[in-house]
Trainee: 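Following this message is one structure expressed as structure tokens.
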Amino acid sequence: MSTQPLEQAIQSTRGVLERVRPDQLSNSTPCKSWTVSDVINHIVGAHSFFISGLTDNPSTPPENPASSDFVAAYDQSSADCLAAFKGEGAMEKTITLPFGQMPGAAFAGLAAIDTFQHGWDVAKATGQDTNLAPELAEQLLAGTKMTISDAFRGADGVAPFGPEQEAPAGSSTADRLAAFLGRSV
């Protein structure tokens, strides 16, 4: 697996973040316990989590990137994250996580899904178009349907994903992915 899906997810989410206005940072998001600011902080922090999983050097995320130039913080964390995934042997490495082990290539897929889905969350919360990167969304939806089981679903703040939701007829692929991952569309 290449880093292309992660690179596309990073670009898609960056496009969303560029359009977030300061007065929208306190908006509620589809991640019920998080505001737009919280989701932005999570996205930047998650990149540090992925770096730490791939390297022997723990990565510390910036503190509260949403309180300053969050697009610049995102750009830096994204570049660092991509560099870690492009590192020698990163895609073949076995990554040990609290919930089990996975190969680096699958970890890159998880990074792509996390980055893309939270970009969708911010787009939805700020009134932006949620029909994000249709081809990438299709690829991520197919992958998540094969890997996300009910064991990873539960209440907000308790499990990584909520119960699967119904996407309205005619929904975009990104909206259907969001519904599959537990968001109300």
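Each residue takes its place number in the sequence, starting with 1.
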Trainee: Apply the test side-chain contact (heavy atoms from CB on, under 4.5 Å) to residues Q76 and V44: give CA-CA distance (whole Å), side-chain angles for both, the deciding distance (0.1 Å), then the verdict.
Mentor: CA-CA 9 Å; Q76 185 62 58; V44 173; over 6 Å; no
Trainee: So how far is it from F50 CZ to S77 OG, rounded to the nearest 0.5 Å?
Mentor: 11.0 Å
Trainee: Report the distance from atom CD1 of I148 to atom CZ of F180, rounding to the nearest 0.5 Å.
Mentor: 6.5 Å
Trainee: Whether the T35 and D38 side chains hold a donor-acceptor pair (N or O, under 3.5 Å, no angle test) is what I'd like checked.
Mentor: yes
Trainee: So which heavy atom on I40 is nearest to which on F70, and how close?
Mentor: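 Closest approach of I40 to F70: CG2-CB, 3.7 Å.
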Trainee: When rounded to the nearest 0.5 angstrom, what distance separates OG1 in T94 from CE in M102?
Mentor: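 Separation between the atoms: 11.0 Å.
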Trainee: Considering only NZ, NE, NH1 and NH2 on the basic side and carboxylate oxygens on the acidic side, decide whether R176 and E138 come within less than 4.0 Å.
Mentor: yes
Trainee: Report the residues that fulfil salt bridge (Lys or Arg N to Asp or Glu O under 4.0 Å) with K86, sequence neighbours left out, ordered by chain and then residue number.
Mentor: E7
Trainee: Does the side chain of W120 come within less than 4.5 Å of D175's, by heavy atoms?
Mentor: yes
Trainee: Mind listing the closest non-hydrogen atom pair of A137 and A174 along with its distance?
Mentor: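 Smallest heavy-atom distance, with atoms named: CB-N, 3.7 Å.
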Trainee: Could you give the distance from CG (L132) to CG (L140), rounded to the nearest 0.5 Å?
Mentor: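 Rounded to the nearest 0.5 Å, the CG-CG separation comes out at 11.0 Å.
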Trainee: T3 side chain to L6 main-chain N or O, any donor-acceptor pair under 3.5 Å?
Mentor: no
Trainee: Applying salt bridge (Lys or Arg N to Asp or Glu O under 4.0 Å), name anything that partners E18, two or more places apart in sequence or on another chain.
Mentor: R14
Trainee: Taking atom types as modelled, find out whether N41 and N64 have a side-chain donor-acceptor pair closer than 3.5 angstrom.
Mentor: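 Yes, side-chain donor-acceptor contact under 3.5 Å.
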Trainee: What's the spacing between R183 CZ and T130 OG1 if we round to 0.5 Å?
Mentor: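 Here the interatomic distance stands at 12.5 Å.
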Trainee: Rounded to the nearest 0.5 Å, what separation is found between the OG atom of S48 and the CG atom of D80?
Mentor: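 Between S48 OG and D80 CG, I get 7.5 Å after rounding to 0.5 Å.
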Trainee: Evaluate side chain to side chain donor-acceptor pair (under 3.5 Å) for D121 paired with T29, printing each intermediate quantity in order.
Mentor: CA-CA 6 Å; D121 294 330; T29 71; 5.9 Å; no
Trainee: Closest heavy-atom contact between S171 and V185?
Mentor: OG-CG1, 4.4 Å
Trainee: Distance-only, no hydrogens or angles: does the Q11 side chain make a donor-acceptor pair with backbone N or O of Q8 under 3.5 Å?
Mentor: no
Trainee: Taking all non-hydrogen atoms of both residues into account, name the closest pair between G154 and P163 and its distance.
Mentor: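 Looking at all heavy atoms of both residues, the closest pair is O-CD, 3.7 Å.
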Trainee: With a 3.5 Å cut-off and no angle check, do the side chains of T96 and Q101 form a donor-acceptor pair?
Mentor: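 Indeed, the side chains of T96 and Q101 share at least one donor-acceptor pair under 3.5 Å.
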Trainee: For I51, is there any backbone N or O sitting under 3.5 Å from a side-chain donor or acceptor partner on T55?
Mentor: yes
Trainee: Ignoring hydrogens and geometry, is there a side-chain-to-backbone donor-acceptor pair from R153 to F161 under 3.5 Å?
Mentor: no
Trainee: Please name the pair of heavy atoms, one in Q139 and one in P5, separated by the smallest distance, quoted to 0.1 Å.
Mentor: NE2-CG, 3.4 Å
Trainee: Does the side chain of F49 reach to within under 4.5 Å of the side chain of L97, using non-hydrogen atoms?
Mentor: yes
Trainee: Can you confirm whether V39 sits close enough to V36 that some side-chain heavy atom of one is under 4.5 Å from a side-chain heavy atom of the other?
Mentor: no
Trainee: Has T13 got a side-chain atom pairing as donor or acceptor with I10's backbone, closer than 3.5 angstrom?
Mentor: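 No; zero donor-acceptor contacts below 3.5 Å.
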Trainee: Under the criterion side-chain contact (heavy atoms from CB on, under 4.5 Å), which of S184, C31, P30 is the partner of K124?
Mentor: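 Testing K124 for a side-chain contact (heavy atoms from CB on, under 4.5 Å) against S184, C31, P30 leaves exactly one candidate, P30.
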Trainee: Write down the atom of T126, the atom of V122, and the distance for their closest heavy-atom approach.
Mentor: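 Smallest heavy-atom distance, with atoms named: OG1-O, 2.7 Å.
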Trainee: Please list, one pair per line, the donor and acceptor atoms closer than 3.5 Å that link side chains of residues 103-116 to other protein atoms, with sequence neighbours excluded.
Mentor:
unit_1, atom_1, unit_2, atom_2, d
D114, OD1, H42, NE2, 3.3
D114, OD1, H118, NE2, 3.3
D114, OD2, H42, NE2, 3.4
T115, OG1, H47, NE2, 3.3
T115, OG1, A111, O, 2.8

